Enquirer: 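For reference, the structure I am asking about is given below.
Numbers for residues simply follow the sequence, beginning at 1. Model, not experiment: these values are computed from the prediction.
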Amino acid sequence: MVDVMFDFGSRLSELRKQNHMTQQTLSERLSVTKATVSSYETGTRLPSYDVLIKISYIFHVSTDYLLGVADKNQLSVDGLTPRQIEIITSLISEFKNEE
């Protein structure tokens, strides 16, 4: 069984830091207090469905990823043209070939 509280908190903290965002900045974007964001990250509290969805939009990840159900971080290509998607797919292939 997955420890959702731990996975969520660590993933949220990681995403926030990767995006050079403070807890205060994230709290303002979510319309919650900084203490609430801190409690999400420490695993003492989980967000409501509405806040979870906002977090997924802010960081462009799935809710499954945030909750630890999916291990892979997925990139959303919503709103991109077929040509833009082709370019991104090509870049990803190039990076994978370099490993």
Enquirer: Which value, rounded to the nearest 0.5 Å, describes the distance between Ser13 atom OG and Met21 atom CE?
Expert: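 Rounded to the nearest 0.5 Å, the OG-CE separation comes to 12.5 Å.
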
Enquirer: Return the OG1 to CG distance between Thr36 and Leu30, rounded to the nearest 0.5 Å.
Expert: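 So the gap between those two atoms works out to 9.5 Å.
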
Enquirer: Under 3.5 Å, which donor-acceptor pairs link side chains of residues 48-58 to any protein atom two or more places apart or in another chain?
Expert:
{"from": "Ser48", "atom 1": "OG", "to": "Val51", "atom 2": "N", "distance (Å)": "3.3"}
{"from": "Ser56", "atom 1": "OG", "to": "Ile53", "atom 2": "O", "distance (Å)": "2.7"}

Enquirer: Start with the C-alpha gap between Arg16 and Tyr40, add the side-chain angles, then the distance that decides, and say whether side chain to side chain contact (heavy atoms under 4.5 Å, CB included) holds.
Expert: CA-CA 12 Å; Arg16 180 180 58 76; Tyr40 295 158; over 6 Å; no

Enquirer: Between Leu66 and Arg11, which heavy-atom pair has the shortest distance, and what is it?
Expert: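 Result for this residue pair: O-CD, 4.1 Å.
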
Enquirer: CD of Gln23 to OG1 of Thr25: how many Å apart, nearest 0.5 Å?
Expert: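 The OG1 atom of Thr25 is 10.0 Å from CD of Gln23, to the nearest 0.5 Å.
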
Enquirer: Mind listing the side-chain donor-acceptor pairs of residues 80-91 below 3.5 Å, one per line with the distance, residues two or more places apart or on another chain?
Expert:
{"from": "Thr81", "atom 1": "OG1", "to": "Gln84", "atom 2": "N", "distance (Å)": "3.1"}
{"from": "Thr81", "atom 1": "OG1", "to": "Gln84", "atom 2": "OE1", "distance (Å)": "3.4"}
{"from": "Arg83", "atom 1": "NH1", "to": "Glu86", "atom 2": "OE2", "distance (Å)": "2.9"}
{"from": "Gln84", "atom 1": "OE1", "to": "Thr81", "atom 2": "N", "distance (Å)": "2.8"}
{"from": "Thr89", "atom 1": "OG1", "to": "Ile85", "atom 2": "O", "distance (Å)": "2.8"}

Enquirer: According to side chain to side chain donor-acceptor pair (under 3.5 Å), who are the partners of Thr63, at least two apart in sequence or on a separate chain?
Expert: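 Side chain to side chain donor-acceptor pair (under 3.5 Å) list for Thr63, sorted by chain: empty.
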
Enquirer: How many angstroms lie between atom CD of Glu14 and atom CG of Leu12, to the nearest 0.5 angstrom?
Expert: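 Going from the CD atom of Glu14 to the CG atom of Leu12 covers 10.0 Å.
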
Enquirer: How close do Asp7 and Leu67 get, heavy atom to heavy atom, and via which atoms?
Expert: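 Looks like CB-O, 4.3 Å.
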
Enquirer: Quick one, Val32 and Ser27 - any side-chain contact, counting heavy atoms below 4.5 Å?
Expert: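 A side-chain contact exists here, since the closest heavy-atom pair is under 4.5 Å.
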
